[in-house]
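Presented below is the structure to which this report refers.
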Amino acid sequence: MKKILLLFILIGTSFLSWGNDTNIVVEIKKNQKIIQTNFLKEEIKLKKLIKESETIDPEEFPVEYKKLNFKIFASLSKILVKSKTAVPESSPQRKLFLIYREKLSNLEYEESKVEKVYDLIQNHFKNLEDKKYIGTFRLFVDYVSWQYNAVLKGPLGEYDLVVTNKGICPGLSYSQENKFFTFFADACYLFTSGGVSSDPSQVTYIQDNVLATGIKTSIGLGYFVSSSRSEIGLKLPIIYAIQNLENPPGGYEVQEGNDLLTMIGVYSRWPIGSYFFQTEFSKYLTQDQLLWSLGFGYKF
Amino acid sequence: MNKFLFLFFIILPGLAWSYPNYIGHSYTSCLNCHYNPFGNGPVNDYGRAVSATLISARWLYPKTWTEEDLAEKSGFLFRKPKQDWFRTQVNYRRFRLTRNPGGKNQTELWITMQADARAILKFGENDRFIAVFNHGYAPAPMSKVSGVPDEDTWRSREHYVGYKFTPKFGVYAGLMDKVYGVRVVEHIAFSRTFPQVAQNDQTHGVMAHFLNENWEGGVHGFVGNLAQKEDLRMKGGSTMIERTVGGIHRLGFSYLNSSNLYNSLQSYAVHARLNLKEGSSVIAEVGQTSKNITATKEKIDSRYGLLQTYLRPTRGVYVFNNIEYAKADLTDDNYIVRWGPGVQIFPAQRIEFRGDIYNTRVFGPETSVPDSWTLLLQTHLWL
């Protein structure tokens, strides 16, 4: 049915010319001039009755006058349906389209066709609106926990260590999002602390509450799964952080490894009004370790 | 045994455990879909139709089948029941458990978690009187407790009768799950193991349930599972009250007190179930338990937290996070966080595939050990 309607709009009425919008505009003006010349009395009367919300008897209006209004309505729809950008409802073209829809509705002329064309145009602009990307800023604070590998080097050999940190990461994100998808970049200041403990059967080395600060930044893409704009997606975080673990005495040295950690992760987000709740679960690309976080934020 | 299992699948059919996340589809009360008003166990006719037309995808069905057709075929043996008074269901659930997947110490285990046959008798308007029988397989515990005799792995999982005096008030008696907290499907969740309301903690007792526009709750008095030796039976009572908030969310409180010859357990919790529309939901529960060991007069206080988040990218698919906190002893500084993202797929009614990754991290002032990882793949079939 939609295809038939689209065809109907594109073909227009028998005397609407094929071509660009200029020709259609000429056609509209020509029909408007015919109305002004031949049906001025009816035109004034109809506009007055609509304005005053009076009852309208369609039988009082000649069929030719109704046909001319319908042709203009069809021409306007032909222009609008070709639009590649979302034209706001307040634009002169869409306002004019609505005026002719109202006139034809009151004239009770081809009502079913008029409504179907109207729905098609509305859907066309809704689809364009849905696909339109807009920029969005968010502020957030995550509670984050992350681990990384370190090595304790001593006179008798090397011992693997795992450093476990937890803390907060306040930050900002910017996204380009439409109704379905979001592409974003975010960054937050990592303010965490943690510790390390060696395998006591090998060597005893314990450090606790050691500050680990840095930057965590990511890029990602997401998909909105519901009308409430709950979302899920993938992200590629990078952490640059510094944590200075003390070297134990006796010729031992702790090597914290690379300060730059790259990850791949999944995230999800649930909006509650302008606020939101989010989670992240990211695995390091080069280590068998993990970062997870959950946080709250505000969308501007 | 194989013949017995085969017979189960030929003769009988249902959906299994409760899925409180369906509040994301605006089902605030479990009673909509389950015979047990607090969820779990057999699903009623309406629940079966919901599982066919809302929860499960249409991927395996002919395009010509309408939603009405799916609802009609949601019954046992793909048919609409010819009578109103008898229903049968069968469930089978099997896991593949991989510890340290991809690591040096990887281990794999196949576990049959569930093989249940159920029969439901129901009479009166809106199933006013019900009798539920559920016999099935309960896997033996992985760690055997010294001095505790082995339980039969094939046994009654639940059997109870219920009578609704009014549409808002009913009384149920028999072997049932304890009324407490959010009855999540993950039986290893700390919110189920700490207060002892897990998969095999059913108890004989009497339970009253009430429901009105804004409130739902229940009181449960129990004497333990009569299949156990008398000195092991945990006797006591529990209650759970929920309040509907904003028309679509639920906030609740639970309390449980039970004891046997060897120990006593007190537990209380608050929970929230939030409907984030179109299948998305958030479930949270925070609770504390206090266990007293009679012989040593030792008291252990524990705390747990559960946060489950569900998203539904498309019909039949749920993506979730299972985030848990456990502090087994409040006097100890160590605690655990278990984080499990996963996906649950219902390609058609009667089929569920589920994958869970569990990452367990230990926090403590003098403890920093590598996380432990578990991969859980699950198949759940029902008729």
Side-chain angles (χ1 to χ4, degrees), chain A residues 143-150 160-166 180 193-200 204-210 222-234 245 265-272 276-284 287-294, chain B residues 24-25 100-104 246 248-249 272 274-284 305 307-315 317-325 333-343 356-373:
Chain A
Y143 174 78
V144 59
S145 174
W146 57 293
Q147 285 192 325
Y148 66 89
N149 293 330
D160 290 335
L161 300 173
V162 173
V163 186
T164 307
N165 291 306
K166 61 183 177 183
F180 311 103
S193 65
V196 60
S197 63
S198 62
D199 181 350
T204 302
Y205 172 67
I206 296 171
Q207 283 268 291
D208 186 34
N209 209 22
V210 181
Y223 172 60
F224 294 104
V225 301
S226 70
S227 59
S228 63
R229 294 185 73 73
S230 300
E231 70 184 271
I232 185 167
L234 295 171
L245 297 167
V266 291
Y267 81 94
S268 39
R269 186 181 288 141
W270 294 262
I272 304 160
F276 60 85
F277 164 74
Q278 63 185 8
T279 66
E280 180 184 334
F281 187 86
S282 294
K283 170 96 173 54
Y284 299 166
Q287 295 185 15
D288 191 23
Q289 306 299 351
L290 178 81
L291 172 148
W292 51 250
S293 72
L294 55 105
Chain B
H25 292 293
N100 304 312
K104 281 181 241 169
I248 54 172
H249 311 295
L274 308 179
N275 173 3
L276 300 185
K277 313 272 180 70
E278 292 155 60
S280 296
S281 61
V282 172
I283 295 166
L307 180 68
Q308 285 192 334
T309 61
Y310 278 85
L311 288 169
R312 186 201 192 219
T314 185
R315 179 171 156 180
V317 179
Y318 295 85
V319 179
F320 56 87
N321 278 302
N322 206 17
I323 304 164
E324 292 184 82
Y325 162 87
D333 289 326
N334 290 345
Y335 63 92
I336 292 170
V337 174
R338 186 160 62 196
W339 197 297
V343 63
D356 289 79
I357 297 169
Y358 285 105
N359 170 272
T360 305
R361 179 167 292 175
V362 180
F363 291 90
E366 296 187 350
T367 307
S368 182
V369 293
D371 295 345
S372 63
W373 292 81

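Worth knowing before you read on, the calculation uses all heavy atoms, side chains too, and leaves out hydrogens, waters and symmetry mates. Note on naming: letters A, B, ... go to the chains in the order of the sequence lines (proteins, then strands), and numbering restarts at 1 for each one.
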Which portion of B/I323 sits near chain A, non-hydrogen atoms under 4.5 angstrom: side chain

Under 4.5 Å from a heavy atom of chain A, the part of B/D371 involved: both

Side chain proximity check, B/P341 to B/N321, heavy atoms < 4.5 angstrom: yes

B/P313 side chain reached by B/V319 side chain, heavy atoms, under 4.5 Å: yes

Residue B/F320 versus chain A: region with a heavy atom under 4.5 Å: neither

Region of A/F277 that comes under 4.5 Å of a non-hydrogen atom in chain B: side chain

Pairs of heavy atoms under 4.5 Å with chain B: top-ranked of A/N149, A/V163, A/I206, A/L290: A/L290

Distance, nearest 0.5 Å, that separates CH2 of B/W339 from CG of A/L294: 4.5 Å

Which of A/S228, A/S268, A/P271, A/G194 touches chain B most, by non-hydrogen pairs under 4.5 Å: A/S228

Near-ring test B/Y335/B/Y325, centroid separation under 6.0 angstrom: yes

Largest heavy-atom contact set with chain A, pairs under 4.5 Å, which of B/I357, B/V337, B/T314, B/V362: B/V337

Distance (rounded to the nearest 0.5 Å) between B/Y358 OH and B/S372 OG: 12.5 Å

Side chain to side chain, B/L311 and A/E231, heavy atoms closer than 4.5 Å: no

Toward chain A, the part of B/T309 with a non-hydrogen atom under 4.5 Å: both

